[in-house]
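Values in this document were obtained by computation on a predicted structure and should not be read as measured data.
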Amino acid sequence: MNDETLPLEDTFGDDLRKAMIGNRIDAARLARSTGIDERSIAAWLKDDGVADDARARTLASALRLDPDKLADIAAGRWHPPPVERSNVRRHGQHPHPSNGYVTISADGRAALIDPAGRTENLLRVLSDGRYELDYVLITHKHADHCDAAAAVAQRYPQAQIVMHPLDVAALGPALAKRTRPLVDGEDLPFGKEGRIQALHTPGHTDGSACFLFDANLFTGDTLFAGSVGGAFGDRSTYGDILASIRGKIFTLPEATAIMPGHGPPTTVGLELQHNPFFAGDAAGPAG
């Protein structure tokens, strides 16, 4: 994958907000527990300045984040190095600020991950690549990841749509009816010898999912470089999204590439080292 450098999806203020909501701590309570002025916290939440190292570490401890990793995010000291994958193509999904991907099997079959944005742009991506499209894989129900699914399905009727049943209603009744229900851990045959593994990773939404192919994991809004998705499920919680990442993503080899729904690509190993939402997590299996 040859791509321009993308900024991190989340700012220090975003990380602070997600952790506060997830831990049910408002600015007044956080100020009392840390001794940091509430006005400063309110400003940081609006991305008006950032905490210095000492205060970032203090906030992290109160919010069950990793102090050193959060301090690095606040200071802008970390960004993932380029992650190159020859069998992955990323495309912007204007007008949404989201990433879509096409991944290609060894024998030239293709899977489209998260069809969204302007229909003409998305169809151009597919036609320019002359892809033989086998799958449309949808990580979750939010419009910036699936609002072009109907147009793609009409243009490529042979492609199988895969989405978790808890989110599939977002596609509308007709398209939902022809969608293959995602089963956690299922292997989808891809090309002559390939397999795409589907993983249910609830937390961002109840039906959030990731797709693993050839050491590339397409995470939607479950995991970003240096951050995690917000918890917007009807049933699932902030705790669920952290558990999904620990139990199903951080158990993968460290060299596994993370292709997120927003922001730059990263790897499992880099997230173990730098993601502040995981304090003290051990390194995963050797990549």
Q: Would you say that L270 contacts P81 through its side chain, given a criterion of any heavy-atom pair below 4.5 Å between the two side chains?
A: yes
Q: Would you kindly say whether T201 and T222 are connected by a side-chain donor-acceptor distance under 3.5 Å?
A: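 Result is yes, a qualifying pair exists.
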Q: Anything under 3.5 Å between a donor and an acceptor, one on a side chain of residues 226-234, the other on a protein residue two or more places apart or in another chain? List them.
A:
residue : atom : partner : partner atom : Å
S227    : OG   : D10     : OD2          : 2.5
S227    : OG   : D15     : OD1          : 2.8

Q: Kindly state each residue pair satisfying side chain to side chain donor-acceptor pair (under 3.5 Å) with at least one member in residues 40-49, sequence neighbours excluded.
A: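 Of all non-adjacent pairs touching residues 40-49, those that pass side chain to side chain donor-acceptor pair (under 3.5 Å) are T11-D47.
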Q: Suppose we screen for ring-ring contact (aromatic ring centres under 6.0 Å, His included). Which residues come up paired with Y131, at least two apart in sequence or across chains?
A: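 None.
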Q: Which side-chain N or O atoms in residues 210-220 pair as donor and acceptor under 3.5 Å with protein atoms at least two apart or in another chain?
A:
residue : atom : partner : partner atom : Å
D214    : OD2  : N87     : ND2          : 2.9
N216    : OD1  : R85     : NE           : 3.0
N216    : ND2  : N87     : OD1          : 3.2
N216    : ND2  : F213    : O            : 3.4
N216    : ND2  : D214    : O            : 3.4
T219    : OG1  : L223    : O            : 2.9

Q: Using distance only, find each side-chain donor-acceptor pair of residues 162-176 under 3.5 Å and give its atom names and separation, not counting sequence neighbours.
A:
residue : atom : partner : partner atom : Å
H164    : ND1  : L166    : N            : 3.1
D167    : OD1  : G207    : N            : 3.1
D167    : OD2  : K141    : N            : 3.1
D167    : OD2  : T205    : OG1          : 2.6

Q: Rounded to the nearest 0.5 Å, what separation is found between the CD atom of Q160 and the CG atom of L137?
A: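 It comes to 9.5 Å.
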Q: Using the benzene-type ring in the case of Trp, are the ring centres of H262 and H145 under 6.0 Å apart?
A: yes
Q: Do you know which two heavy atoms are closest between N99 and G263, and how far apart they sit?
A: ND2-O, 2.9 Å
Q: More than 12 heavy atoms of other residues, nucleotides or ligands under 6.0 Å from CD of E193: is that the case?
A: no
Q: Counting C-beta onward and ignoring hydrogens, is there a side-chain heavy-atom pair between I36 and L30 closer than 4.5 Å?
A: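 No, side chains not in contact.
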Q: Taking all non-hydrogen atoms of both residues into account, name the closest pair between I138 and C146 and its distance.
A: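 I138 and C146 have their closest heavy atoms at CG2-CB, 3.7 Å.
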Q: Of all residues at least two apart in sequence or in a different chain, which pass the ring-ring contact (aromatic ring centres under 6.0 Å, His included) check with H91?
A: none
